[in-house]
**Q** 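Encoded as structure tokens, here's the structure I'll be asking about.
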Amino acid sequence: MTAPKKQTGTESGRAWRIWIFWIFAGVALLLLVLEHRAHVLGWGLHGLLGLCVVLLYLVVRADSGGDGPR
């Protein structure tokens, strides 16, 4: 009678390597999705940024009291 052998993937020396691989793969996928999310928005993101600059300009101008000194 022979002793049962462990499966290759369940050995303690190899199990932590698989966990580390899947953690790195998950982080890489997350970064890939977050990085390319801006490209999906296209020119809309640039338009939103431009509107923010215009709004900031109008708020500063309204806070200063108008066009020129009185």
Side-chain angles (χ1 to χ4, degrees):
M1 202 155 166
T2 59
K5 295 182 180 178
K6 289 184 179 179
Q7 294 179 356
T8 340
T10 60
E11 294 177 9
S12 62
R14 184 164 159 77
W16 66 272
R17 291 180 185 152
I18 293 173
W19 275 100
I20 290 176
F21 169 77
W22 284 112
I23 289 171
F24 274 114
V27 169
L29 181 64
L30 177 69
L31 291 175
L32 185 71
V33 168
L34 292 177
E35 177 67 28
H36 289 86
R37 184 176 55 179
H39 298 290
V40 172
L41 295 176
W43 286 102
L45 188 62
H46 295 291
L48 182 63
L49 182 63
L51 285 175
C52 289
V53 171
V54 169
L55 182 63
L56 178 64
Y57 171 75
L58 292 174
V59 167
V60 168
R61 188 170 170 188
D63 188 43
S64 67
D67 292 333
R70 293 179 182 211

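Values reported hereafter were calculated over all heavy atoms of this structure, with side chains retained and with hydrogens, waters and symmetry mates removed.
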**Q** Using ring pair (Phe, Tyr, Trp, His ring centres under 6.0 Å) as the criterion, list what pairs up with Trp43, not counting sequence neighbours.
**A**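 Result, ring pair (Phe, Tyr, Trp, His ring centres under 6.0 Å) vs Trp43: His46.
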**Q** So, using side chain to side chain contact (heavy atoms under 4.5 Å, CB included) as the criterion, who are the partners of Leu34 when residues are at least two apart?
**A**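 Only Leu30, Arg37 meet the side chain to side chain contact (heavy atoms under 4.5 Å, CB included) criterion with Leu34.
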**Q** Membership question, hydrophobic clusters at under 4.5 Å side-chain separation (ILVMFWY): are Ile18 and Phe21 in the same one?
**A**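 Yes.
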**Q** List in chain and number order the residues that pass side chain to side chain contact (heavy atoms under 4.5 Å, CB included) with Trp19, two or more places apart in sequence or in another chain; answer none if no residue qualifies.
**A**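 In terms of side chain to side chain contact (heavy atoms under 4.5 Å, CB included), with neighbours along the sequence ignored, Trp19 is linked to no residue.
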**Q** Please give the remaining members of the hydrophobic cluster of Tyr57, linking ILVMFWY side chains under 4.5 Å, ordered by chain and number.
**A**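 Members besides Tyr57, by chain and number: Val54, Leu58.
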**Q** Run through the side-chain heavy atoms of Ile, Leu, Val, Met, Phe, Trp and Tyr, join any pair under 4.5 Å, and report what else lands in Val59's cluster.
**A**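 Besides Val59, the cluster holds Leu55.
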**Q** Mind checking who shares a hydrophobic cluster with Leu32, ILVMFWY linked at side-chain heavy-atom distances under 4.5 Å?
**A**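 None, because no other hydrophobic side chain comes under 4.5 Å of this residue.
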